[in-house]
Amino acid sequence: MSEGFGKGCHLHLIDGSAFIFRAYHALPPLTRKSDGLPVGAVAGFCNMLWKYVSDEHGSAAPTHAAVIFDHSSKTFRNEIYDLYKANRPEPPEDLRPQFPLTRDATRAFNIACIEIEGYEADDIIATLSCQAREAGGSATIISSDKDLMQLVGDGVDMLDPIKGKLIGPEEVREKFGVGPDRVVDVQALAGDSVDNVPGAPGIGIKTAAQLINDYGDLDTLLARAAEIKQPKRRQTLIDHADQIRISKRLVELDCKTPLDFTLQSLEVRDPDAETLLGFLTEMEFRTLTTRVADRLGAEAPAVTAAPASEAPAAPDQPQFDSASYQTVRDIETLDQWIAAIRETGHVAIDTETTGLDDMRADPVGICLATAPGTACYIPFGHVEGEAGDGLFATAPSLAPDQLTQDQVLSALKPVLEDPSILKIGQNLKYDWKILARQGIRMAPLADTMLMSYALNAGTHNHGMDELAERYLGHKCIPIKELIGSGKSQITFAQVPIDKATPYAAEDADVTLRLWQHFAPMMPVEKVSTVYETLERPMVPVLADMEMAGIRVDGGHLGRMSNAFAQKMAQLEDEIHELAGEKFNVGSPKQLGEILFGKLGMEGGKQGKTGAYSTSADVLEDLAVSHDLPARVLDWRQISKLKSTYTDALQGHVNPDTGRVHTSYSIAGAQTGRLASTEPNLQNIPVRSEEGRRIREAFVATEGYRLVSLDYSQIELRILAHVADIPALKQAFRDGIDIHAMTASQMFNVPVEGMDPMIRRQAKAINFGVIYGISGFGLSRNLRIPRAEAQDFINTYFERFPEIRAYMDKTVEDAKRDGFVTTLFGRRINTPGINQSGPAAGGARRAAINAPIQGAAADIIRRAMIRMPAAIRDLPARMLLQVHDELVFEVEESAVDDLIAAARQVMEGAAEPAIKLSVPLIVDAGAGMNWAEAH
DNA sequence: GCCCTCACG
DNA sequence: GACGTACGTGAGGGCT
C-alpha cells in the first residue's frame with residue numbers, strides 16, 4: 001500500500017488532451033501580441049485549469065490531482081491493429097506548437113503533469129484510478145470521454161467538465177445500455193469510427209447492448225452466436241468474431257501501465273504565485289494574469305509583495321474598487337465631470353431606470369466613466385418612504401440631496417449631443433431611447449455589445465456580465481442584490497442611493513474598460529468595416545422604429561379572441577367525446593398517452609424524455625385515418641393564434657402611445673439577422689387563412705396607409721452570386737420563375753404547363769440547399785422515401801455542380817479559420833466545426849447557411865441605415881423589419897412616392913460595396929392594414 | 001427552468 | 001436500424 005495515499009484520500013485525474021482540444025475549438029484563434037505565437041488553446045486551457053483550481057469542489061475536494069496527456073500517437077494498440085486511430089486527422093497546424101506549452105502551464109499551476117511514451121492518457125488514468133481504489137481511496141476522472149466510462153464504479157466516478165455533471169454507473173448505463181463492467185463488450189461490438197475500432201459491421205450501441213444483456217457477456221455471446229435468431233446478425237457475429245475480439249483489446253484500458261512515481265507524489269499543492277504569474281505574463285494573458293494576481297494576492301498575503309502590485313500585465317488598469325465611485329449630488333461636482341469629459345473626448349454612460357421596458361421606464365440616475373476606475377453616479381429620481389401597503393402607506397417622495405432630473409439632463413445634453421464627444425455604452429439602444437424620450441438624441445456612439453458581436457458572433461453572447469467576466473475577469477454585482485426578484489421586487493428608484501452608486505457606477509466603469517479592450521482589436525481582426533457600417537449605425541435607426549411603434553386594433557383582436565375561445569370549447573368537447581374521457585388537450589403528454597396508449601394508434605415515436613411525440617407532422621399522418629388527431633390539429637392552431645397573438649398582443653399596447661412597440665436585438669442572432677422581442681413582430685401569422693386575419697389588426701392611422709416592401713428570393717439570389725452558378729444567375733437575370741427553372745433542369749420537363757407538384761419539389765430542394773441539405777431532411781419535408789429524396793439531391797448537384805463546390809469550400813474555410821464571412825465581411829464564428837460525431841453535422845450546415853442568411857441580413861441592414869435620409873422629405877416612417885421585408889406608415893397621398901424611394905434604396909443596398917451578378921428585386925404593396933399591404 | 005410545440009423568414 | 005439531421009429566431013403552456 002502506497003504510503004500516504006489511503007482511506008479518505010480522493011484523487012482527481014484530469015484528461016489533459018480533452019481540455020486542449022476543447023479549448024482550441026471553443027476559442028477564436030488568438031496569437032501572442034509580441035511575436036504572433038498561436039496561444040488560443042493555451043489560453044483556454046489555462047482558463048479551464050484556473051476555473052478548476054478556484055472551484056471549491058465541496059465534499060469531493062481532491063487531496064491528490066494530476067493532469068494526464070497523450071505522449072505520442074503510436075502506442076501498443078498499433079501493434080494489435082495497425083489501423084487503430086489511422087483515420088485521425090493531424091492536429092491543426094496552429095495547435096501543434098501549443099502542446100508543449102500546455103504541459104508548461106500545468107506545471108506552472110503546480111499540478112502533477114504526466115505522460116508516458118507508448119501509452120495513451122486513458123491507460124494512465126485507468127492505472128491510477130485502479131491504484132487509488134486498491135489503496136482504499138477514491139478517484140474522479142475529469143473528462144467526458146466515453147472510452148473512460150468503463151472505469152466508473154466502486155469509488156471511481158467521472159465529472160463532465162463542460163456540463164458540470166457527475167457521471168456514475170447510472171449515467172453510464174444510460175449511455176451504453178449496460179453497466180460499466182460490460183461497457184468494453186458493447187464498444188467491442190459497436191466499434192468506433194473516430195478511433196477506427198472496427199467492431200461488428202452493422203451493429204451499433206443499441207443492438208450491442210441488447211445482445212450483451214441477452215447473453216451476459218461478450219465471450220458467451222460469441223460462443224453461442226449460432227443461437228441468434230436474426231440470420232443477418234448471427235452471420236455477422238460468426239464471420240467477424242476475431243475482429244470483435246481484437247476490437248475488445250483495443251477499447252479495453254490497461255490498468256497495468258508501468259509508473260515511475262507514487263500516488264503520494266500527486267498530492268495537491270498550492271500554486272506558487274511567482275511561477276504561475278511568470279508563466280501567464282510570458283504568454284501575455286492580461287486578463288487571466290490580473291485575475292490570478294487578484295485572487296492570490298487577496299488570499300495569500302504572504303506573497304502579495306510579488307504578484308498583485310507587480311503584475312506587469314496591466315500596470316495602467318486599476319483594480320475594481322466600488323468604494324472609489326463618486327455620488328454626484330450638486331451642480332459644481334457635475335460640472336467638474338462634464339469638464340473632465342470634454343477633456344478626454346469620450347465618456348462611458350449608463351442610465352438607471354424604473355424598469356426594463358425602455359418605452360415605459362423613467363430614468364432615475366445616470367452613471368459616467370471617463371477612465372478605468374474613474375466613475376460616478378448622478379441620482380435624480382430616487383424615492384424614499386415606505387411604499388408599504390394598507391391605509392397608512394406614505395406616498396413615496398423624492399429622496400433628499402439629489403439634483404433634479406431637469407438640472408442633470410440640461411447640464412448633460414450639450415455633451416451627449418456634442419459631435420466631438422464619443423458616448424460609449426453597452427447596449428446603447430436602450431439608453432438612447434430612454435434619453436430620446438427626454439429630448440436628447442445622443443451622438444456619436446460606441447457600443448461594446450456590438451463590438452463584441454462584430455468580433456465574436458457565434459462564440460458567446462454579448463451581455464455585459466458575460467463580457468466583463470470573460471474579458472476583464474470581473475464579476476459584476478447582480479442587480480438582484482439591489483432590487484430583489486419575483487413578487488417582492490422593487491424598482492431602481494427605491495434603492496437607497498448609497499447602495500445604488502457602487503452598482504451603477506460599476507456598469508459605466510466596466511463599459512469603459514470593455515471599450516478600451518475591444519477598440520484596438522477591431523482593425524487587427526478586420527471587423528471595423530462591419531462594425532462601422534452594419535452595427536453602429538443601426539442603433540438610432542432601430543430606436544426610431546421602435547419608438548414609432550405600430551397601431552393595433554385591440555377591438556379586432558378581442559373579437560377574434562372570443563370567437564377562438566368558442567371554437568376551442570367546441571373542439572374540446574368533440575375531442576373528449578372521441579377520446580372517451582376528459583383530458584387537457586394542451587398537454588402533449590396526456591395527448592400522447594390517449595393516442596398511443598389508450599387508443600393504441602400506430603406510429604408513436606418516443607423522444608429522449610420517453611414522451612410520445614405529438615408534433616404536427618405526427619398528427620397529420622394519424623389524421624388520415626382518425627378524427628381525433630385532426631381535431632387536435634385544429635384546436636392547436638386556434639389555441640396558438642389565441643394565446644400567442646390575439647390575447648397577448650392586446651397586452652402589449654402601450655397606454656401612452658396606443659401602439660405596440662417591439663424591441664429588436666441587434667446582437668441576438670448569430671448570422672446578423674435582427675430578432676424581435678416583447679412582442680415578437682417577426683412571426684405574425686401569414687401562412688394560414690385564419691392566421692392572416694390577425695394581420696388585419698395591424699392598421700394605419702387615419703389618413704395613412706401601411707406599405708410593405710420585401711425582397712424577392714434574396715437568399716437564392718445571394719447563393720447564385722456567391723456560389724457563381726451560371727444557370728441560376730441567368731434565370732434571375734431573365735426574371736423567370738426560379739423554382740420552375742430548377743424543376744425543368746432537374747426533371748427535364750418544360751417550364752410551360754409544369755405540374756405544380758414538380759415545382760413544389762424543386763422549391764423544397766432550393767430551400768434545402770440553403771440550409772445544408774440532407775436526404776433525410778428533404779424526405780421528411782416532402783414526405784417521400786429517403787432514397788428518392790437522395791436521388792433528387794444527387795441530380796441537383798449534377799445539374800448545378802457549383803453548389804457542391806461552394807459548400808465544400810465554405811466548410812473548409814470554417815475548419816481552417818474557425819469562422820465564415822459574408823460578402824460584406826461579417827464574421828460568424830463556427831465553434832464545433834472540427835468536432836466529430838453528430839454535432840459536427842449541425843455545425844457544418846450552420847456554416848453553409850451562415851454566409852447566405854448573413855449576407856441577406858447585411859443587405860437589409862444597409863437599406864435600413866440609408867432609409868431615413870431617403871424618405872426624409874416624405875410624410876412617412878419606417879416601422880418594422882421582418883428579415884426580408886420593411887413595413888412603413890405613410891400618408892395616403894405619398895404612397896407611390898414612398899414605394900419608389902424605398903424600393904430604390906432596397907434594390908441598390910448591396911452597392912457600392914458589392915456589385916451583385918444578379919438583380920435584387922423588391923415587391924411592394926399598400927393598404928389599410930398589414931394583411932392588405934403584404 | 002426545461003421541454004414541447006408552433007408562429008415567422 | 002450505430003447516432004441524428006435542413007438554417008435562423010421568440011413565445012406560450014405544461015410539468016417538475
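Convention: sequence-line order gives letters A, B, ...; per-chain numbering from 1.
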Distance test, side-chain N/O of [X] to OP1/OP2 of [N], below 4.0 Å:
X      : N      : answer
A:S587 : C:dC15 : yes
A:R673 : B:dG9  : no
A:K640 : C:dG13 : no

Say you pick atom [atom1] in [N] and the same atom in [M]; how far apart are they, in whole Å?
N     : M     : atom1 : answer
B:dT5 : C:dA2 : C1'   : 29 Å
B:dC6 : C:dC3 : C1'   : 27 Å
C:dA6 : B:dC2 : P     : 22 Å

So [X], base contact, sugar-phosphate only, or nothing? Heavy-atom distance under 4.0 Å.
X      : value
A:A616 : sugar-phosphate
A:E715 : nothing
A:G586 : sugar-phosphate
A:G191 : nothing
A:I770 : nothing
A:N584 : sugar-phosphate
A:N680 : sugar-phosphate
A:L778 : base
A:K175 : nothing
A:R687 : base
A:A190 : nothing
A:S774 : base
A:R786 : base
A:E885 : nothing

[atom1] of [X] versus [atom2] of [N]: gap in Å, rounded?
X      : N      : atom1 : atom2 : value
A:L716 : C:dC7  : CG    : C1'   : 13 Å
A:K642 : C:dA11 : NZ    : C1'   : 15 Å
A:D192 : C:dA2  : CG    : P     : 15 Å
A:R695 : B:dA7  : CZ    : C1'   : 10 Å
A:I852 : C:dC7  : CD1   : C1'   : 9 Å

Handout entry: Syn/anti label of B:dC3 as read from its glycosidic torsion, with the cut at 90° from 0
Key =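 That one's anti.
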Problem - Nearest non-hydrogen partners of A:T822 and A:G854, listed with the distance - result: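 Shortest heavy-atom separation between A:T822 and A:G854 comes out as CG2-C, 3.6 Å.
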Handout entry: Base paired to C:dG14 (Watson-Crick or G-U; both N/O distances under 3.5 angstrom)
Key = B:dC2
Practice task
Quick one: look up who C:dC3 pairs with, Watson-Crick or G-U, both distances under 3.5 Å, and put none if it's unpaired.
Solution key: none
Non-hydrogen side-chain atoms of [X] and [Y] separated by less than 4.5 Å:
X      : Y      : result
A:F792 : A:I784 : yes
A:L886 : A:S708 : no
A:I725 : A:I803 : yes
A:I921 : A:R717 : yes

Exercise for the section: Check if the side chain of A:Q682 and the base of B:dC8 share a donor-acceptor pair of N or O atoms closer than 3.5 Å. Expected result: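 Counting by modelled atom types and ignoring angles, no donor-acceptor contact under 3.5 Å is found here.
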Problem - Whether A:H739 and A:F767 hold their rings parallel, tilted or perpendicular, with breakpoints at 30° and 60° - result: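 Tilted, since the angle between the ring planes falls between 30° and 60°.
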Problem - Neighbour count above 12 (heavy atom, 6.0 Å) for A:K809 NZ - result: no
